[in-house]
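Reviewing the structure listed below.
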Amino acid sequence: MNCGMRNEFALQEHIEQIGQAEGAGLEKICYAPMTAAGKETELGECTVQSVFGYFQNDYDKFNASYENWDGFEINYLNTINDCTRILINNKADKERLGPAMEWEKKYISSLILRYGPQTALILGHSGT
């Protein structure tokens, strides 16, 4: 892996540690829609839009590669190409999840109607 991506990963880790020593870290101010009501947000619950998020912020997962059955190398670029993410204002309170759940059902149905049933395989692969 090139040094640039390693440096970017190190920068993200550095940013996530800002204020931690003083008890004033990112988790005190971040967007964390899945934090349970009444609970304090943990750093890992913060929404950080970064390529590394597709790999659970684990550099080893990001840097992993393997050869597929056709002899082509599969690496982080393949994962990124398979990902489209839309932030939805979900609610930790299950009773308030209705609108988001309904929208997600419509989203999946519209993709299946437009692209066919094989879309379900793509959606399952991308984590949607």
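Everything numeric in this text was worked out from a predicted model, so none of it was measured.
Side-chain contact check for Leu43 versus Gln20: some heavy-atom pair is nearer than 4.5 Å. Between Leu26 and Ile18 the shortest side-chain heavy-atom distance does not fall below 4.5 Å.
A distance of 9.5 Å separates CE in Met5 from CG in Asn63, rounded to the nearest 0.5 Å.
Counting all heavy atoms, side chain and backbone alike, Asn68 lies closest to Asp70 at OD1-N, 2.9 Å. The two residues Glu27 and Cys30 have their closest heavy-atom pair at CA-SG, 3.9 Å.
For residues 47-69, there are no salt bridge (charged side-chain N to carboxylate O under 4.0 Å, His left out) pairs, not counting sequence neighbours.
Each of Phe62, Phe52, Phe55 was evaluated against Phe9; a single residue qualifies, Phe52, per the side-chain contact (heavy atoms from CB on, under 4.5 Å) test.
For Glu45 (side chain) and Glu42 (main-chain N/O), a donor-acceptor pair under 3.5 Å exists by modelled atom type.
Checking Glu16 against Gln12 by side-chain atom types alone, a donor-acceptor pair falls below 3.5 Å. Donor-acceptor pairing under 3.5 Å is recorded for the side chains of Ser65 and Glu73.
In the hydrophobic clustering of this structure, Phe72 does not group with Leu77; members are Ile, Leu, Val, Met, Phe, Trp, Tyr whose side-chain heavy atoms approach within less than 4.5 Å, directly or through other members. Under the 4.5 Å side-chain heavy-atom criterion for Ile, Leu, Val, Met, Phe, Trp and Tyr, Val48 and Tyr59 are members of distinct hydrophobic clusters.
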Before giving the answer on side-chain hydrogen bond (donor to acceptor under 3.5 Å, both in side chains), spell out for Gln17 and Glu13 the whole-Å C-alpha distance, their side-chain angles and the decisive distance to 0.1 Å. CA-CA 6 Å; Gln17 293 304 309; Glu13 288 181 321; over 6 Å; no

